[in-house]
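This report refers to the structure that appears directly beneath it.
Worth knowing before you read on, the calculation uses all heavy atoms, side chains too, and leaves out hydrogens, waters and symmetry mates. From a predicted model like this one, the values you see are computed outputs, not experimental measurements.
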Amino acid sequence: MIDFLQQLNDVQRQAVQTTEGPVMVLAGAGSGKTRVITYRIAYLIGEENVAPHQILALTFTNKAANEMRQRVDELLHSGSSRGLWIGTFHSIFARLLRNYIHLIGYDGNFSIYDSDDSKSLIRQVMKELNIPVDAVPVNTVQGIISKAKNSFILPDQFHAQASDYNGQKAAQIYEVYVRKLRENNALDFDDLLIKPLELFQAQPAVLEQLQHYFRYILIDEYQDTNKAQYLVAKSLAAKHRNIFVVGDDAQSIYSWRGADITNILNFQDDYPEASVFKLVENYRSTQTILQAANGVIKRNRRQIEKELVSRQSSGEPLTLLESFNEKREAEKVGEYIRTWKLTKGFDYKDFAVFYRTNAQSRVLEDIFRMDRIPYRIFGSVSFYKRKEIKDAVAYLRFIRNDQDTESLLRIINFPPRKIGEVSIGKLRDYALTNNSSLYEAILKAEEADFPARLRNALQGFIAVIEQLKDIAKEGSVYDVLSALYESTGITSLLQAENTPESMARYENLQELLSMARDFSDHNEGTNGLNDFLNGISLATDYEEVQEDDNYVSLMTVHAAKGLEFPVVFITGLEERLFPLNYYESDELEEERRLFYVAVTRAQQKVFLSWAKSRYYYGQPQTCMKSMFIDEVDSSILITESGKKQSNGSVSEKKQSIERCNGRTPVPSSVSKSGGNSSSDERSSGLKSGTRVHHAMFGPGIVLSVQGTGERQKAKIKFRNVGEKTLMVQYANLTFEQ
DNA sequence: AACTTGCGTATTTTT
DNA sequence: TACGCAAGTT
């Protein structure tokens, strides 16, 4: 037996050694999930002599993929992971599609559109279809389309299903959007998952080949897979049935992005012969922390039962911080960090502050800056989303794929070449009448009766592009990029501008160039540009945590998943903030899982914090304590003065009784003015926080109630149509089940 | 093309 | 309240 197996507990070892047939590992927080996957891969290669290329390991983040690869190398010997197919769903399928997509009518040099690119394409489609963007927000449309794609519902089917007006419009947009993507020879993120499915349907032989090729399939974070990912994995595993999935249903927090928790809940329906292992031994947190987490998550109905067991002593109780507003909350967090640092030997980097929404980071930042507490915010704007980077990348994409109109429009007049909107309109018309791509139209512009000035400008642009195309044929990515900076002058323009902003952009472009150099040094393959672009489009974790840095980490709970910290502050624990507005019990359950994730990040200590008042959109709002605080076993929760919580004061309990909802008791919350309007509420039973259903507008939550009797009006926030003020007597509201 | 103004919107965001 | 985006202004 390979000696590294000694480092596993019994269940982990069994999971690693059960190499044949379907396996599901339910890995609770901190139970050594990554360890099991990496050891299994190492075991397959080192003990079972499986060739690395026969193993396909799919993750959700590049970071996870890189870590795994590295750990496999460490377990065996450097270089053993060579040939292993390990990466994110998106990057692995992008790679496969580069080879096979010509079979379904795309060019292998396709561009990959990120969500901003696809948004701009949708905007353009809506313009063409004369659908005003203020009627249906672009974001909403994008969400609808993405959701459809994630569920593998193609335009035809979507069209057939669309019942209401909005659905019809969305179907129309969806159809044209898909057509445009194809014309641009571009794939959006969702396409990277569904094009393989289309490929498998159209070319069963390819599927068969891949099924044969990938003997072992491993999937990390299985609870986060969506329908398309589920289907791809299922298709690929159909032959050998060696599918190994690891996940934790209790940490499923991405349903709003299409993740389907039923994939993990129903794994055994698809694979009745599956071996199932539950990892519940937790190596991260104290008993007390796990007691809190277990107690909370138990309240969810949709779950696979398991209770985390700590390998550690009981540790400290959780501390509840109550503040009169969010500023005071931030100050308190700062104070605790400072005193704990001084008196208990913690360092800044041992603390993390979590919040439900990004907007909450602001106060924390302000206070920390004043208090001189070093901090770092995670999840700010990605490097690759910066304008100058996107511009440079658009050049690279376009050089590779000149059907990519999105990229073309981005660069045609950047830097300014006197090719403005009017000229572009002419070119578009010209392309349309000649039934050609936009760039073909530009190439033929000499023949058209355009003004000489425009023809000159276009020639200049063509010269730049064609020169770069030539360099790309022989040269490295670095060569192309530096030639691009040179011939377009984008870097010297920024330098000349010489403002702090322009210099920051200049630095970013230099950073991109050094990344290209680094890439070119390590990748000699012929497909350099494609691989580089793949990496950029699908990368997120550009910001690396520097080991030696010492700062407090600030992040959303979502961003915290997978991380751990000695001391954790969970802030903004108020109704309607955490849990955030929810309309159904499923959504509340996801909020609860999110809270569970937050608590289980902590190794030694958790602070739960809420504020009685908080600014929302410039208005101070009265807040109610989150139900999650009350869900923590009161015997392990103390106040700042060290007292045990008496599980909520009597008066608070009374207020928080919800009368109109059948299923889950929800404490009512935030009343608009903060004043009491209880006399108004009694007549209809409506009050702020009541969840209602309107025949036209669908589900909503009452924000405030004014007046009584016949003249009573309610301000209601609807899930789909936003806020409305309605006369209660006409609105015919029903209480949501 | 660079400015201003006004409007709408304001959850989470692994790719 | 504040920010980003789109249209309007010079």
Just to confirm, is there a sub-4.0 Å distance from OP1 or OP2 of [N] to any side-chain nitrogen or oxygen of [X]?
X	N	result
A/Asn413	B/dA1	yes
A/Asn358	B/dT13	yes
A/Thr556	B/dT11	no
A/Asn62	B/dT14	no
A/Tyr222	B/dT14	no
A/Arg123	C/dC5	no

(message) In whole Å, measure the gap between the C1' atoms of B/dT12 and C/dC5 for me.
(response)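 The same atom, C1', in both gives a distance of 22 Å.
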Closer than 4.0 angstrom, basic N to acidic O: yes or no for [X] and [Y]?
X	Y	value
A/Asp366	A/Arg362	no
A/Arg593	A/Glu590	yes
A/Glu221	A/Lys561	yes
A/Arg95	A/Asp531	no

May I have the distance from [X] (atom [atom1]) to [N] (atom [atom2]), rounded to whole angstrom?
X	N	atom1	atom2	answer
A/Glu584	B/dT11	CD	C1'	16 Å
A/Leu577	B/dT11	CG	C1'	10 Å
A/Asn581	B/dA10	CG	C1'	12 Å
A/Lys33	B/dT14	NZ	C1'	11 Å
A/Glu590	B/dT12	CD	P	14 Å
A/Glu326	C/dT1	CD	C1'	12 Å
A/Phe93	B/dT14	CZ	P	20 Å
A/Arg592	B/dT11	CZ	P	22 Å

(message) On DNA chain B, compare the nucleotides closest to A/Pro416 and A/Lys561; which residue's is nearer the 5' end?
(response) A/Pro416
(request) Nearest-nucleotide wise, let me know which of A/Ile253 and A/Ser537 is further upstream toward the 5' end of DNA chain B. (result)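 It is A/Ile253, whose closest nucleotide lies nearer the 5' terminus.
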(request) Please tell me which of the listed nucleotides, B/dA1, B/dT14, B/dT12, lies nearest to the side chain of A/Phe60? (result) B/dT14
(message) Counting only side-chain heavy atoms from C-beta out, which of B/dA1, B/dT14, B/dT12 sits nearest to A/His558?
(response) B/dT12
What nitrogen or oxygen pairs link the protein and nucleotides 8-10 of chain C at under 3.5 Å?
none

(request) Using a 4.5 Å cut-off on heavy atoms from C-beta on, say whether the side chain of A/Glu574 contacts that of A/Lys625. (result) no
(message) Which heavy atom of A/Ser537 sits nearest to which heavy atom of A/Phe189, and what is that distance?
(response)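 Heavy atoms of A/Ser537 and A/Phe189 come nearest at O-CZ, 3.4 Å.
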(message) So which atom in A/Asn401 and which in A/Asn185 form the shortest heavy-atom distance, rounded to 0.1 Å?
(response)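 Closest approach of A/Asn401 to A/Asn185, heavy atoms only: ND2-O, 3.0 Å.
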Using a heavy-atom cut-off of under 4.0 Å over every strand shown, decide if [X] touches base, sugar-phosphate, or nothing.
X	answer
A/Tyr254	base
A/Arg362	sugar-phosphate
A/Asp190	nothing
A/Asn150	nothing

(request) Kindly write out the residues that satisfy ring-ring contact (aromatic ring centres under 6.0 Å, His included) with A/Phe569, not counting sequence neighbours, or none if the list is empty. (result)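 Counting only residues at least two positions away or on another chain, A/Phe569 forms a ring-ring contact (aromatic ring centres under 6.0 Å, His included) with A/Phe607.
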(request) Using the test side-chain hydrogen bond (donor to acceptor under 3.5 Å, both in side chains), find all partners of A/Arg35 that sit at least two apart in sequence or belong to another chain. (result) none
(message) If stacking means aromatic ring centre less than 5.5 angstrom from the base's six-membered ring centre, planes under 30°, is A/Tyr617 stacked on C/dT1?
(response) no
